[in-house]
Amino acid sequence: MSQAQLIQGNEACVKGALAAGCRFYGGYPITPSSEIAEQMVRLLPDLGGVFIQMEDEIASLASVIGASLAGSKAMTATSGPGFSLMQEHIGYAAMTEVPCVVVNVMRGGPSTGLPTSPSQGDVMQARWGTHGDHPAIVLAPSSVAEVFDVTVKAFNLAERFRTPVIILYDEIIGHTRESVVLPDSIEVVDRVQPTDAPADFWPMIAPDDGVPPLPAFGDGYRFHVTGLAHDERGFPTNDAQVAEALVARLHNKIDAHLDEVIEVDTYMVDDAEIAVFAYGIVGRSAREAVMRARDNGIKAGLIRPVTLWPFPYEQVAEVAAQVDTILVAEMNLGQIIGEVERAAAGKAEIKGYLRADGEPITPTALLEAITPDKEGQR
Amino acid sequence: MTDVKTYLREWAMPHVLCPGCAHGIVLRSFLNAVDQLQIDQDKLAMVAGIGCSSRLVGYVDFCTLHGTHGRAPAFATGLKLARPDLKVVVVTGDGDALAIGGNHLIHAARRNIDITVLLLNNSIYGMTGGQAAPTTPEGALASTTPAGNTEPNFDACKLLMGAGASFVARVLAANPMDMTKVMADGLDHPGFSFIEVISDCPEYFGRYNKVGGGAEMLTWMSVRDEGVAGPLAEKRFVNHIPIESVPSGMETGVLQREIRPVYAGVRKVEDHES
Ligand SMILES: Cc1ncc(C[n+]2csc(CCOP(=O)(O)OP(=O)(O)O)c2C)c(N)n1
Ligand code: SF4
Ligand SMILES: [Mg+2]
């Protein structure tokens, strides 16, 4: 059994990444994510890995993609302004199917915003920030221990589906120290290698699960990688049918395996009249608020998605069918609430508890929002 | 000498370049250099940005990465650091490397990453239809400079020397033998090697500026040893700008060569002997 250790969320991220096999880090400093780079530079070399501080976030993710094509598991970490700059290459990695992990330790925005304050303002950008139709896997841990687990999962999903995976947590989780016991061993997934001889290899032919094998540059398979729409040989094409089939496959390879991707934590929803929908650090406040509400005899429950994208529509619909009200609490002016409304499809009343001032949403505030007034109104 | 077709993806032909475009001559000279050095085909990776010049990597039978506009040096940096056994060559255009990608280029040079950059300078944005580039000479016509370019232009080699590139050279597409020799030198150089190739774009630069087609442009660039700027002035298509203000005297050949420590990222020291 491992010892308990007192570590920050950003440290847990590094430990999870290294445990999952990350051997390349390319990044650019930005609060509140910089501790990830500062730990990586100390730990990677002894594991045979490489660290580089790039000239900006565009270059950081480019270097990560280059390293991943060279066969290394690779990641970068940033916050709002840098995440905006990374959008170009998030799309490139999605289109070229290069596994990589991008951590965004969210701070208040827009623009330079509130560099040292928490926020959940990048939830929609994480889904739609890069242009064009593309799949997105976005995970949102809510504790230091969960940052470790989610980071491992992010690398595994990136390798499994050959796609960029984004981890979103906020400044509070990034900087808070919590006592955690990290697992002794974890499951590690590696990208599938081709079985064809190099001469017969077409890089974009996918087996039934939609995920083509990916050899490393330099391993004897010579192939082309392009962000242009491409055929099964990996070569650019303007053919409408080929382009459509490609974009469809990029989506289907993930949509057909939602059970491997979607993780939702529920708490006391079975007999609940009101469910709080919250993720990340707000999920912690919401859990506490639900516990206190139960003490007060209020039938409250919690639905906390760890996977934000693909959005857990089915799981939310199930809860919506059971409860009268879903209270969506998020540290922004209303982003994921639209998806909750879409999932609930009128089966439950959807209310928002939203704040975007850089202050956390407290259990007390949520308890108040859950508790009906004398007229029974919330 | 190996048949050059060994290095080409013939199945990917015909290529996208216009008839007469010098980018193809540049590629041929490069492949001759690869052949001269007997570089293992499996261990050569070519990384490009976006542009006609960058499209060259689609036609060569190596590991090829056609990245995003201007970012090729950053992709190449990650690739080289993660796989030091690979020979990594960037192919880029003047717009790609010097406008949108200027930052990545100078930092790769400053770090002395062990890669080779071939910048195909045709003084214009070819792929997008002939807009002005940071290399378009003052006075020259482009689709976005209908009255003649009034911005000063970069001297790419001086810029790279300033950034600390350990090998800097300029060659003319009109001199394929020189190109091959200098490219072989650059590929052999330990550290960051930068080769500016004065290429052309008959389709836009040639047409807009009434220089002529492919053959005329090659003649035009080799009229004088110093490269493009002199002949450009001589051609006197520049009506609104005093001829004296057109910069001239672009030197060709190897302009800088020094041996300094190669940067391979923060890693265990014994890993990066190459
Ligand atoms: C981010 C971005 N901005 C703009 C473009 C459009 N674009 C494609 S190629 C190009 C210019 C290429 O010029 P150059 O690098 O000189 O190459 P050439 O075609 O002349 O060989 C531009 C602006 C793009 N692809 N991506
Ligand atoms: S547009 Fe210009 S640079 Fe592009 S292929 Fe044609 S001639 Fe060459
Ligand atoms: Mg150009």
Side-chain angles (χ1 to χ4, degrees), chain A residues 23-26 37 40-42 44-74 76 88-89 91-93 95-96 98 100 198 203 215-228 230 233-236, chain B residues 7 9 11-12 16 40-50 54-55 57-88 100-101 103-108 110-111 113 263-269 271-272:
Chain A
R23 292 297 177 268
F24 182 93
Y25 183 95
M40 278 291 184
V41 70
R42 286 167 174 77
L44 268 173
D46 279 343
L47 296 168
V50 193
F51 170 95
I52 186 166
Q53 181 171 319
M54 293 298 287
E55 54 274 11
D56 61 30
E57 289 86 349
I58 302 173
S60 298
L61 190 46
S63 74
V64 162
I65 293 168
S68 182
L69 277 170
S72 292
K73 292 188 186 178
T76 186
E88 179 181 28
H89 288 151
Y92 183 82
M95 183 60 148
T96 54
V98 177
C100 56
F217 273 21
D219 278 357
Y221 289 86
R222 299 192 296 267
F223 60 103
H224 190 51
V225 176
T226 180
L228 285 166
H230 44 268
R233 222 163 175 170
F235 204 74
Chain B
Y7 301 112
R9 292 177 176 138
W11 54 261
V16 292
D40 182 348
Q41 214 165 333
D42 286 334
K43 298 288 179 197
L44 177 57
M46 294 190 81
V47 182
I50 303 292
S54 295
R55 286 297 288 269
V57 300
Y59 304 103
V60 290
D61 193 11
F62 307 117
C63 281
T64 51
L65 169 52
H66 179 226
T68 51
H69 195 22
R71 324 290 180 205
F75 285 97
T77 296
L79 190 58
K80 179 68 187 177
L81 264 50
R83 274 302 284 258
D85 62 319
L86 291 179
K87 194 97 192 144
V88 179
I100 193 164
N103 199 30
H104 310 305
L105 185 64
I106 58 174
H107 285 280
R110 169 183 66 79
R111 294 184 182 111
I113 305 283
Y263 187 70
V266 181
R267 66 198 307 149
K268 260 227 165 103
V269 185
D271 286 0
H272 74 286

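A quick note: this is a predicted structure, and the numbers were derived from the prediction, not measured. Labels below follow one simple rule: chain letters A, B, ... track the order of the sequence lines, proteins then strands, and each chain is numbered from 1.
- Ring-centre distance between A/Phe217 and B/Phe62: not below the 6.0 Å cut-off.
- Taking all atoms of both residues into account, the shortest heavy-atom contact from B/Cys63 to A/Tyr221 is SG-O, 3.2 Å.
- In this structure, A/Arg233 and B/Arg9 have side chains that are not in contact, with every pair of non-hydrogen atoms separated by 4.5 Å or more.
- Considering only heavy-atom pairs separated by less than 4.5 Å from chain B, the leading option among A/Leu69, A/Leu61, A/Leu228 is A/Leu228.
- In this structure, A/Tyr92 has its ring center closer than 6.0 angstrom to the ring center of B/Phe75.
- In this structure, chain B has no heavy atom under 4.5 Å from any part of A/Tyr25.
- Between chain B and the options A/Gly71, A/Ala74, A/Ala59, A/Gly227, the largest number of non-hydrogen pairs under 4.5 Å is found for A/Ala59.
- The candidate with the highest count of non-hydrogen atom pairs below 4.5 Å against chain B, out of A/Val41, A/Ile65, A/Ile58, is A/Ile58.
- Contacts between B/Val57 and chain A at a heavy-atom distance below 4.5 Å involve backbone atoms as well as side-chain atoms.
- Both the backbone and the side chain of A/Val50 come within contact range of chain B, judged by heavy atoms closer than 4.5 Å.
- Listed options B/Met46, B/His69, B/His66, B/Gln41 were ranked by heavy-atom pairs under 4.5 angstrom with chain A; first place goes to B/His66.
- Looking at B/Arg110, neither its backbone nor its side chain comes within 4.5 Å of chain A, counting heavy atoms on both sides.
- Within the 4.5 Å cutoff, the side chain of B/Thr77 has heavy atoms near those of the A/Met54 side chain.
- Looking at heavy atoms from C-beta onward, B/Arg55 lies in side-chain contact with A/Pro236 at the 4.5 angstrom threshold.
- Not one N or O on the side chain of B/Lys268 forms a donor-acceptor pair closer than 3.5 Å with the backbone of A/Gly48.
- The choice from B/Val60, B/Ile50, B/Asn103, B/Asp61 that makes the most heavy-atom pairs within less than 4.5 Å of chain A is B/Asp61.
- There is no contact between A/Pro198 and chain B, counting heavy-atom distances below 4.5 Å.
- A/Asp56 is listed as a side-chain neighbour of B/His104, based on a closest heavy-atom distance under 4.5 Å.
- Note on B/His107, B/Lys87, B/Lys43, B/Arg111: by heavy-atom pairs under 4.5 Å with chain A, the leading option is B/Arg111.
- When A/Val64, A/Asp46, A/Thr96 are compared by the number of non-hydrogen pairs under 4.5 Å with chain B, A/Asp46 comes out ahead.
- Not counting sequence neighbours, A/Arg23 has no partner by the salt bridge (charged side-chain N to carboxylate O under 4.0 Å, His left out) test.
- Highest contact tally toward chain A, considering only B/Val16, B/Val88, B/Thr64, is held by B/Thr64 [criterion: heavy-atom pairs under 4.5 Å].
- Taking 4.5 Å as the limit, every side-chain heavy atom of B/Leu81 sits out of range of all side-chain heavy atoms of A/Ser63.
- Only the side chain of B/Leu86 comes within contact range of chain A, with heavy atoms under 4.5 Å apart.
- Between chain A and the residues B/Thr68, B/Ile106, B/Asp40, B/Leu44, the most heavy-atom pairs under 4.5 angstrom are made by B/Thr68.
- For the pair A/Glu55 and B/Ala74, the tightest heavy-atom approach, listed with the atom from each and the gap, is OE2-CB, 4.3 Å.
- Across all their heavy atoms, A/Phe51 and B/Tyr263 have their closest contact at O-OH, 4.3 Å.
- Both the backbone and the side chain of A/Asp219 come within contact range of chain B, judged by heavy atoms closer than 4.5 Å.
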